[in-house]
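See below for the structure under consideration.
Each chain gets a letter, A, B and so on, in the order the sequences are listed, and its residues count up from 1.
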Number of protein chains: 2
Amino acid sequence: MDDIDRSLVRLLEQDARRTYHELSKDVRLSANTVADRVRRLRASGVVRGFRAEVDPAALGRALTMVSDIRLREHVDRTAFEHGLRSVPQVVAGARLTGEYDYQLRLACVDPAEFETVVDLLKRDHGVRELRSRLVLHDIEVDASGLLDLA
Amino acid sequence: MDDIDRSLVRLLEQDARRTYHELSKDVRLSANTVADRVRRLRASGVVRGFRAEVDPAALGRALTMVSDIRLREHVDRTAFEHGLRSVPQVVAGARLTGEYDYQLRLACVDPAEFETVVDLLKRDHGVRELRSRLVLHDIEVDASGLLDLA
DNA sequence: AATGAAAGCACACTGGT
DNA sequence: ACCAGTGTGCTTTCATT
């Protein structure tokens, strides 16, 4: 993990489809060596993958909610997590410690759709309680800061 | 937004570096047409970009916290958001409605590091109150569900 | 780890259906 | 919207340091 690897990760974070040849000009190494380094970053797990980023707003889902969730007693957590796959509005989720069991991020067309999702989660997925709020906007953060300390 | 576009987005979500030629075999169109479609998806904003995904745990930061934050009075929100760029542990953030002003995601090496981040946010970034909990694990969700309804 | 050379591929264009 | 052909540029492998 040297400076060059850090630069490569930063560049690929901005555009994962940059060619090795382009990257090589930025870091002043041969395209060959760049390809080697990127393969190593992937193999070591530092770079988990290259993903297309989808914008829910461009698909008409401009309303994003964050919902803390408490499950009913005796609800199997694995089943709950797996069941979320059938709810297309769920765009992210995590199990947390503390007062609530999970936190979900829900991308909805409008409040009416959010309402149906809330009802669905309560009726079919073992959700006992929700505490939701609206996402006003996301803060852009690059992951390159993490690299500085590694 | 037809079935083929949906497939392409799904495939590029899994691996954003797939070549147009590879994609063309999956969707049974020419590489050319696939490139056209991907360009259109990008131009329309549905695909916002292609990003390398970095794994904090592979860099020794296995402790991820979610922190709800309330700012002190008279703290400028733009300044706060901009100032977060200098805190490398901040890997995501959003402004929310409700009881708290923001929610951050903090990737830390250990509790001691988290403690220093908490102190830093309070001392230098106008944070009045934090409510934090540990991320036990993230739930894997693909964004392709969003596409089904568009 | 890094490099250059060369073969094989992929990409962007153009033009055509 | 889709495809084929072409020139150019990119990726990969191998030999070398």
May I ask you to decide whether [X] forms a salt bridge with [Y], counting only side-chain N to carboxylate O separations under 4.0 Å?
{"X": "Arg39(A)", "Y": "Asp36(A)", "result": "yes"}
{"X": "Asp5(B)", "Y": "Arg37(B)", "result": "yes"}
{"X": "Asp138(A)", "Y": "Arg105(A)", "result": "yes"}

Starting at atom [atom1] of [X], determine the distance to atom [atom2] of [N], rounded to an integer number of angstrom.
{"X": "Leu29(A)", "N": "dC10(D)", "atom1": "CG", "atom2": "P", "result": "17 Å"}
{"X": "Leu8(A)", "N": "dA2(C)", "atom1": "CG", "atom2": "C1'", "result": "14 Å"}
{"X": "Asp5(A)", "N": "dA1(C)", "atom1": "CG", "atom2": "C1'", "result": "11 Å"}
{"X": "Glu22(A)", "N": "dA10(C)", "atom1": "CD", "atom2": "P", "result": "18 Å"}
{"X": "Leu23(A)", "N": "dA2(C)", "atom1": "CG", "atom2": "P", "result": "14 Å"}
{"X": "Arg17(A)", "N": "dT11(D)", "atom1": "CZ", "atom2": "P", "result": "11 Å"}
{"X": "Tyr20(A)", "N": "dT12(D)", "atom1": "OH", "atom2": "C1'", "result": "10 Å"}

Subject >> Side-chain N,O (His21(B)) to OP1/OP2 (dA10(C)) below 4.0 Å >> reply: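 For dA10(C), OP1/OP2 do have a side-chain N/O of His21(B) under 4.0 Å.
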**OP:** Can you spot which of Ile4(A), Val27(A), Asp26(A), Thr19(A) makes a side chain to side chain contact (heavy atoms under 4.5 Å, CB included) with Val34(A)?
**Re:** Val27(A)
Original post:
Hey, which of Leu146(A), Val141(A), Ile139(A) is the one that makes side chain to side chain contact (heavy atoms under 4.5 Å, CB included) with Val90(B)?
Top reply: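 When Leu146(A), Val141(A), Ile139(A) are each tested with Val90(B), the side chain to side chain contact (heavy atoms under 4.5 Å, CB included) holds only for Val141(A).
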Original post:
Which class fits the ring pair Tyr102(A) and His137(B): parallel under 30°, tilted 30 to 60°, perpendicular over 60°?
Top reply: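 Because their plane-to-plane angle is over 60°, the rings of Tyr102(A) and His137(B) count as perpendicular.
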**OP:** Residues of residues 31-40 of chain B with any non-hydrogen atom less than 4.0 angstrom from an atom of DNA chain C: list those, numerically ordered, please.
**Re:**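 Contacting residues: Asn32(B), Arg39(B).
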Subject >> From dA4(D), dG4(C), dC11(C), nucleotide with atom closest to Ser30(A) side chain >> reply: dG4(C)
